Colleague: 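Just passing along the structure, written as structure tokens.
If you're wondering where the values come from, they're calculated on a predicted model, not measured in any experiment. Residues take their numbers from the sequence shown, with the count starting at 1. Order of appearance sets the numbers: ligands from 1, and atoms from 1 within every ligand.
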Amino acid sequence: MGSKVKTTFACTECGAQSPKWAGRCNECGDWNTLVEELVGGSDPADAPLAPSKRSGPVRIGDVSTSSARPVSTGIDELDTVLGGGLVAGSVTLLGGEPGIGKSTLLLQLAAARTGTTLYVSAEESAQQVRIRGERLGAMRPDLWLHAETSLPHVIRAIDETEPELVIIDSIQTIADPELSSAPGSVGQVRGCAHRLVTEAKDRNIAVVLVGHVTKEGSLAGPRVLEHVVDTVLQFEGDRHHALRLLRAVKHRFGPTNELGLFEMVGEGLVAVPDPSTMFLADRRTGVAGSAVVPTMEGKRPIVVELQALTTDSVPNVPSRRSAQGIDGGRLSMLMAVLGRRGRLPVGEQDVYASAAGGARLNEPGLDLGICLSVASAMCDTPLPADLAMFGEVGLGGEVRQVSHAQRRVTEAARLGFRRVVVPAKSPDPADELDGQVTLLRVNTLVEALRAAGLDASASGLRAV
Ligand code: TYD
Ligand code: MG
């Protein structure tokens, strides 16, 4: 690098190249998507395609997999999400809103694992990181700190310390002086990430990049980073709740459906061993609009409370559907099904539905709970305190089977629920639950409403 550097402009959406900057991409027509990039032999964007240290083709059976095995991070919840741990030579992006706990998690990772770690702090001074490290038990002799924002200096630090893990906190504050675009711009973020990916592969070290997420929820530099890394972890949660959820949204080395649950306490992030109890901690029984659902997060059943509130819509204004912690599109669809098939006049109601306790859920098994919580709110009739439910609701008003029915029932029973409304063809409860829990099998939403003690005629609501 360094001799003669040429630059070009590339569209972050379609990848089209242009010799000069323009407000709008000529190819795809998107606005404000052109970013400056280096071209020529030193173009970092070329690196993954033309790596210098890789050999030619090999027979699939001769490919060594020993270095692609995950190595435990020392943090169980993180290992669960990663399918075992971090893989040498891989790059992981940890995204999340500012203040959610990314730096805390990574410092704890540096404290918990074995092997040399280089923590590049591009946002906080080394003193600040040390003070936090003291609290988190990260005072290890093999943990190196480097408060630096310039990419070449970071690379030199990697040369000097020869770490097995490099943490870059954050990729948005690292800049390559050879790129003329401003630090934090898409071009810089992309260029630096490409370079670090190349370093990770060539040196066979694990690299973790911190990426701040914008208000809209996307990683700054629209999607560009997600393509170049091997794994994308999302760290989320409500800042006003202590609960933090970690999940993989892309993972080249394993499944993406596992969820890690942490609580932010004075000593940093601690695992939540019994999430169901935590999610139900503030539940009040006997309140209309509350429904309890054993949902699945990866292989783990978690019992959550869904809450709904309905109010009369303003006449001649489309009724509102507001979803928090559940999918808004799904809520709208379910309200249409509840109106047409369940014969409840939801069309004239504003509906507010949320997952209690800061949970963020997206799983078809929630459908029945969403419908019954709204119906309960509309009828102003609480669901029985010992009743839980799960099942997917189809457009025809049918209740469909969902995965892991037995595990869901077992988890609900463990928390004291005695009756569970389930899709008709669900398997019987596990033998050890004999007599402890009754399944109320339903084929349709109307049957589910009846099983839960709710329907338009029972509550005196006008049927549509
Ligand atoms: P931080 O890891 O700095 O967030 P990010 O890197 O994602 O911006 O964590 C920030 C919040 O976490 C901060 O508001 C204080 C809180 N916190 C604790 O409650 N306990 C702790 O032990 C630590 C280190 C942080
Ligand atoms: Mg931070």
Colleague: Please determine which of Asp367, Asn362, Leu366 meets the side chain to side chain contact (heavy atoms under 4.5 Å, CB included) test together with Arg330.
Modeller: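 For Arg330, the side chain to side chain contact (heavy atoms under 4.5 Å, CB included) check succeeds only for Asp367.
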Colleague: Salt bridge (Lys or Arg N to Asp or Glu O under 4.0 Å), that's the test. Do Glu134 and Arg130 meet it? Break it down for me.
Modeller: CA-CA 6 Å; Glu134 281 174 1; Arg130 181 192 160 139; 2.6 Å; yes
Colleague: Is it true that the side chains of His146 and Glu160 contain a donor and an acceptor less than 3.5 Å apart?
Modeller: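 Side-chain D/A pair, His146 to Glu160: absent.
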Colleague: Give the atom numbers and elements of ligand 1 that come within less than 4.0 Å of a heavy atom of Glu267.
Modeller: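 Within the 4.0 Å cut-off of Glu267, ligand 1 contributes 22 (O).
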Colleague: Looking at ligand 1, is there an atom of it that comes within less than 4.0 Å of some heavy atom belonging to Leu107?
Modeller: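 So Leu107 does not count as touching ligand 1.
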Colleague: If you measure only the distance, is there a donor-acceptor pair under 3.5 Å linking the side chains of Glu258 and Thr80?
Modeller: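 No, Thr80 and Glu258 have no side-chain donor paired with an acceptor closer than 3.5 Å.
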Colleague: Return the closest protein heavy atom for atom 17 (N) of ligand 1 as residue, atom name and distance.
Modeller: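 Nearest neighbour among protein heavy atoms for atom 17 (N) of ligand 1, to 0.1 Å: Met264 SD, 3.6 Å.
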Colleague: Determine whether more than 12 heavy atoms belonging to other residues, nucleotides or ligands lie under 6.0 Å from atom CG of Asp159.
Modeller: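 Buried by this count: over 12 neighbours within 6.0 Å.
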Colleague: Between ligand 1 and Arg135, is the shortest N or O to N or O distance under 3.5 Å?
Modeller: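 Yes; the residue has a nitrogen or oxygen that sits under 3.5 Å from a nitrogen or oxygen of the ligand.
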Colleague: Counting only heavy atoms on the protein side, is anything nearer than 4.0 Å to atom 11 (C) of ligand 1?
Modeller: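 Yes, there is a protein heavy atom closer to it than 4.0 Å.
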Colleague: Just checking, is any N or O donor in the side chain of Asp350 or Ser313 under 3.5 Å from an acceptor N or O on the other one?
Modeller: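 There is such a pair between these side chains.
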Colleague: Within a distance under 4.0 Å of any heavy atom of Gly266, pick out the atoms of ligand 1 and give their elements.
Modeller: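 Going through ligand 1 atom by atom, the ones under 4.0 Å from Gly266 are 20 (N), 21 (C), 22 (O).
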Colleague: How far is atom 14 (O) of ligand 1 from its nearest protein heavy atom, and which residue and atom is that?
Modeller: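 The closest one turns out to be Gly99 O, 4.5 Å.
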Colleague: Could you identify the single nearest non-hydrogen protein atom to atom 4 (O) of ligand 1 and state the distance to 0.1 Å?
Modeller: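 Among all protein heavy atoms, the one nearest atom 4 (O) of ligand 1 is Gly101 N, 3.1 Å.
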Colleague: Considering residues, nucleotides and ligands other than Glu263, do more than 12 of their heavy atoms fall under 6.0 Å from its CD?
Modeller: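 Counting other residues, nucleotides and ligands, CD of Glu263 exceeds 12 neighbours.
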Colleague: To which of Ile100, Thr104, Leu94 does the heavy atom nearest atom 24 (C) of ligand 1 belong?
Modeller: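 When every heavy atom of Ile100, Thr104, Leu94 is considered, Thr104 comes closest to atom 24 (C) of ligand 1.
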Colleague: Answer yes or no: are there more than 12 heavy-atom neighbours, outside Arg320 itself, under 6.0 Å from its atom CZ?
Modeller: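 Open.
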Colleague: I'd like to check which ligand 1 atoms, numbered from 1 as shown, lie under 4.0 Å from a non-hydrogen atom of Val265.
Modeller: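 Heavy-atom distances to Val265 below 4.0 Å select 18 (C), 19 (O), 20 (N), 21 (C), 22 (O).
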Colleague: So, applying side chain to side chain contact (heavy atoms under 4.5 Å, CB included) with Cys192, which one of Thr173, Leu151, Leu209 is it?
Modeller: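 Of the listed options, the one satisfying the test is Leu151.
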Colleague: Relative to the heavy atoms of Arg132, which atoms of ligand 1 are at a distance of less than 4.0 Å?
Modeller: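 Under 4.0 Å from Arg132, ligand 1 has these atoms: 1 (P), 2 (O), 3 (O), 24 (C).
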Colleague: With a cut-off of 4.0 Å, which atoms of ligand 1 are near a heavy atom of Pro98?
Modeller: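 Every atom of ligand 1 under 4.0 Å from some heavy atom of Pro98: 8 (O).
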Colleague: Side chains of Asp142 and Thr116: do they bring a donor and an acceptor to under 3.5 Å?
Modeller: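 No donor-acceptor contact under 3.5 Å links the two side chains.
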Colleague: Who's the nearest protein heavy-atom neighbour of atom 6 (O) of ligand 1, and how far?
Modeller: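 Protein heavy atom at minimum distance: Ser103 OG, 2.7 Å.
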Colleague: How about Thr104: does one of its N, O or S atoms come closer than 2.8 Å to the Mg ion (ligand 2)?
Modeller: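 So Thr104 does not bind the Mg ion (ligand 2) by this criterion.
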Colleague: Which protein non-hydrogen atom lies closest to atom 22 (O) of ligand 1, naming both residue and atom, and how far is it?
Modeller: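 Result for atom 22 (O) of ligand 1: Gly268 N, 2.8 Å.
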